[in-house]
Trainee: 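Have a look at this one.
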Protein chains: 2
Amino acid sequence: MNYSELANVLTQNNLKVTPQRVAVLEALMSLKDHPNADAIKEFVHKNHPNLAVGTIYNILETFCEKKIIRKVKTDRDFMRYDIEMHRHHHLYCEECDYIENYYDEELDKLLQEYFNRKKIPNFNIKDINLQILGNYNDHNPIKKKY
Amino acid sequence: MNYSELANVLTQNNLKVTPQRVAVLEALMSLKDHPNADAIKEFVHKNHPNLAVGTIYNILETFCEKKIIRKVKTDRDFMRYDIEMHRHHHLYCEECDYIENYYDEELDKLLQEYFNRKKIPNFNIKDINLQILGNYNDHNPIKKKY
DNA sequence: TACTAAATAGGAATAATTCTTATATGAGAA
DNA sequence: TTCTCATATAAGAATTATTCCTATTTAGTA
Ligand SMILES: [Mn+2]
Ligand SMILES: [Mn+2]
Ligand SMILES: [Zn+2]
Ligand SMILES: [Zn+2]
């Protein structure tokens with residue numbers, strides 16, 4: 001995605017186009033594995049060494065409000081961010097901290113049918129996310145910091 | 001659960017029985033809604049006002065290692081703890097920060113059959129947790145701190 | 001080009017969690 | 001029961017991700 005395509009994403013969401021926002025958006029798109037603020041900082045500092053960390057958090061919060069990205073919950077003490085907004089679930093690697101997107105329309109249909117039939121009393125379901133925990137055949141127990 | 005029953009849980013897990021551990025265990029069992037460290041502190045301080053916060057974290061970590069409890073991921077900036085170790089999923093209230101346990105054997109069977117049939121290449125599933133997001137009919141948008 | 005609301009830089013503040021170390025104590029041994 | 005010592009705790013400092021503050025800059029508009 002080039003500069004004007006990235007800028008379009010911002011414009012379409014009624015956001016001013018700033019070099020900082022474009023850089024953070026680019027980072028989110030380039031860093032596939034649900035980066036945290038620090039990983040994003042590393043990425044954008046290659047071209048924008050003075051971009052403030054507070055600004056990165058501001059921008060991430062703004063993107064969340066506009067539903068350009070969303071937060072991904074982990075059991076570590078930092079937040080990770082996901083630019084993939086199509087319906088998907090997550091594979092959590094227990095060896096490292098890798099989180100992979102898992103797309104499965106058949107599963108989504110199955111769950112939707114199930115919960116249409118089986119209501120939860122007093123509760124209105126808005127969304128269902130699966131946390132699929134396990135490990136990859138070829139991953140090592142090295143805790144990389146994302 | 002009385003003192004000796006609580007103490008038994010510790011003994012069975014090869015943990016020394018200390019008043020602090022018993023108190024934290026009791027707190028975890030009494031506070032139904034997946035308490036965080038602060039809620040546990042409040043609870044135990046009623047009877048043990050000098051119990052150190054660092055000790056609470058130590059104990060929680062020990063309990064996690066022994067699989068007496070587990071961590072619950074949220075999108076807030078603190079960890080919550082769950083003493084229910086039977087298979088269950090979670091209903092996340094979007095109004096407040098309530099997290100309710102959701103038990104559903106039929107659903108678990110459905111998922112198990114589904115993933116027995118539909119393998120994920122290169123990935124071995126250990127566990128599947130559903131995050132069911134929504135809201136209760138009778139909850140108000142008050143952010144209580146758990 | 002000038003105006004202005006909004007965004008950013010830089011650094012201080014906050015808050016959950018972890019770390020450090022001197023002291024206390026549970027549980028097995030004698 | 002008393003002794004012993006590995007382990008647990010108290011107290012507070014340190015760490016660290018995130019938020020807050022505010023002077024300055026800037027994007028978009030006229
Ligand atoms: Mn994702
Ligand atoms: Mn639970
Ligand atoms: Zn991995
Ligand atoms: Zn609620």
Side-chain angles (χ1 to χ4, degrees), chain A residues 3-4 6-25 34-42 44-45 47-66 68-69 71-81 97 143 145-146, chain B residues 3-4 6-25 34-42 44-45 47-66 68-69 71-81 97 143 145-146:
Chain A
Y3 183 90
S4 68
L6 294 169
N8 270 344
V9 175
L10 299 174
T11 309
Q12 282 157 22
N13 285 280
N14 296 315
L15 294 174
K16 277 190 190 173
V17 177
T18 67
Q20 292 87 343
R21 284 179 173 162
V22 172
V24 169
L25 188 58
H34 308 86
N36 64 2
D38 200 60
I40 292 166
K41 190 194 77 183
E42 299 282 307
V44 301
H45 272 202
N47 290 317
H48 300 79
N50 297 321
L51 208 164
V53 183
T55 301
I56 291 175
Y57 281 103
N58 279 343
I59 291 173
L60 290 171
E61 204 55 45
T62 304
F63 286 1
C64 283
E65 282 161 18
K66 293 291 184 177
I68 298 170
I69 62 173
K71 295 176 176 176
V72 177
K73 317 166 201 292
T74 76
D75 53 6
R76 300 285 227 91
D77 55 356
F78 49 76
M79 194 61 67
R80 292 169 71 168
Y81 299 88
D97 282 325
K143 290 280 173 188
K145 209 178 178 193
Y146 289 99
Chain B
Y3 183 90
S4 69
L6 294 168
N8 270 344
V9 175
L10 299 175
T11 309
Q12 283 158 20
N13 284 281
N14 296 315
L15 293 174
K16 276 190 192 174
V17 177
T18 68
Q20 293 87 342
R21 282 177 176 165
V22 173
V24 169
L25 189 58
H34 307 87
N36 63 3
D38 199 61
I40 292 166
K41 190 194 76 183
E42 300 282 307
V44 300
H45 272 202
N47 290 317
H48 301 79
N50 297 321
L51 208 162
V53 183
T55 301
I56 292 177
Y57 281 103
N58 278 345
I59 292 174
L60 290 171
E61 203 55 46
T62 304
F63 286 1
C64 282
E65 281 160 19
K66 293 292 186 178
I68 299 171
I69 63 173
K71 295 178 178 176
V72 177
K73 317 167 201 289
T74 75
D75 53 7
R76 302 285 226 91
D77 55 359
F78 48 76
M79 194 61 67
R80 292 169 71 169
Y81 300 88
D97 282 324
K143 289 281 172 188
K145 209 176 179 193
Y146 290 97

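Letters A, B, ... are given to chains in the order of the sequence lines, protein chains preceding strands, and every chain is numbered from 1. This one's a predicted model, so the numbers in the text were calculated from it and none came from an experiment.
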Trainee: Scan nucleotides 10-12 of chain D against the protein and return all N/O pairs shorter than 3.5 Å with their distances rounded to 0.1 Å.
Mentor:
from   : atom 1 : to    : atom 2 : distance (Å)
D:dA10 : OP1    : B:Q20 : NE2    : 3.3
D:dA10 : OP2    : B:A52 : N      : 3.0
D:dA10 : OP2    : B:T55 : OG1    : 2.8
D:dA11 : OP2    : B:N50 : O      : 3.4

Trainee: Nearest 0.5 angstrom please: B:L10 CG to B:L25 CG, how far?
Mentor: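 Atom-to-atom, B:L10:CG and B:L25:CG are 5.5 Å apart.
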Trainee: Please set out all donor-acceptor pairs under 3.5 angstrom arising from side-chain atoms of residues 14-21 of chain B, sequence neighbours excluded.
Mentor:
from  : atom 1 : to    : atom 2 : distance (Å)
B:T18 : OG1    : B:R21 : N      : 3.1
B:R21 : NH1    : B:K16 : O      : 3.0

Trainee: Examine distances only and state if a side-chain atom of A:R80 and a backbone atom of A:V72 form a donor-acceptor pair shorter than 3.5 Å.
Mentor: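 A pair under 3.5 Å: no.
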Trainee: So A:P19, base contact, sugar-phosphate only, or nothing? Heavy-atom distance under 4.0 Å.
Mentor: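 Counting heavy atoms under 4.0 Å across all strands, the contact made by A:P19 is with sugar-phosphate only.
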Trainee: For the helix from C:dT1-D:dA30 to C:dA30-D:dT1, what angle lies between the axis at the first five pairs and the axis at the last five pairs, to 10 degrees?
Mentor: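 The helix from C:dT1-D:dA30 to C:dA30-D:dT1 shows an end-to-end axis angle of 30°.
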Trainee: Rounded to the nearest Å, what distance is computed from the CG atom of residue A:N13 to the P atom of nucleotide C:dA7?
Mentor: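 Going from CG in A:N13 over to P in C:dA7 covers 13 Å.
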Trainee: Counting only side-chain nitrogens and oxygens, does A:Y57 get under 4.0 Å of the OP1 or OP2 atom of D:dT19?
Mentor: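 Checking D:dT19 against A:Y57, no side-chain N or O comes under 4.0 Å of OP1 or OP2.
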Trainee: Grab the CD-P distance between B:E61 and D:dA8 for me, whole Å please.
Mentor: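 In whole Å, D:dA8 P lies 14 Å from B:E61 CD.
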Trainee: Which pair of non-hydrogen atoms, one from B:V44 and one from B:A23, has the smallest distance, and what is that distance?
Mentor: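 Answer, listing the atom of B:V44 first, then B:A23: CG1-O, 3.5 Å.
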Trainee: Round to a whole Å and report the spacing from CG of A:N14 to P of C:dA5.
Mentor: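 Rounded to the whole Å, the gap is 18 Å.
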Trainee: Round to the nearest Å and state the distance from B:N8 atom CG to C:dA27 atom P.
Mentor: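 Atom CG in B:N8 sits about 12 Å away from atom P in C:dA27.
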Trainee: What is the separation between atom CZ on B:F78 and atom P on C:dT18, rounded to the nearest whole Å?
Mentor: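 So the CZ-P distance, B:F78 to C:dT18, works out to 15 Å.
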Trainee: Return the value, rounded to whole Å, for the distance between atom CZ of B:R80 and atom P of C:dA16.
Mentor: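 After rounding, the gap between these two atoms is 13 Å.
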Trainee: In whole angstrom, what separates A:K41's NZ from D:dT16's P?
Mentor: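 Interatomic distance, NZ of A:K41 to P of D:dT16: 12 Å.
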Trainee: For nucleotides 28-30 of chain D, list the nitrogen or oxygen atoms of the protein found under 3.5 Å from its nitrogen or oxygen atoms, one pair per line.
Mentor:
from   : atom 1 : to    : atom 2 : distance (Å)
D:dG28 : OP1    : A:V17 : N      : 2.8

Trainee: Please tabulate, for side-chain N and O atoms in residues 48-64 of chain B, each donor-acceptor pair with protein atoms closer than 3.5 Å (sequence neighbours left out).
Mentor:
from  : atom 1 : to    : atom 2 : distance (Å)
B:E61 : OE1    : B:K71 : NZ     : 3.4
B:T62 : OG1    : B:N58 : O      : 2.8

Trainee: Map B:M79 and A:T62 onto DNA chain C by nearest heavy atom, then report which one ends up closer to the 5' terminus.
Mentor: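 Closer to the 5' end of DNA chain C: A:T62.
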Trainee: Looking at NE2 of A:H45 and CG of A:D38, how far apart are the two atoms once the value is rounded to the nearest 0.5 Å?
Mentor: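 Rounded to the nearest 0.5 Å, the NE2-CG separation comes out at 9.5 Å.
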Trainee: Whole Å only: how far is the CG atom of B:L60 from the P atom of D:dT9?
Mentor: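 The answer, rounded to whole Å, is 11 Å.
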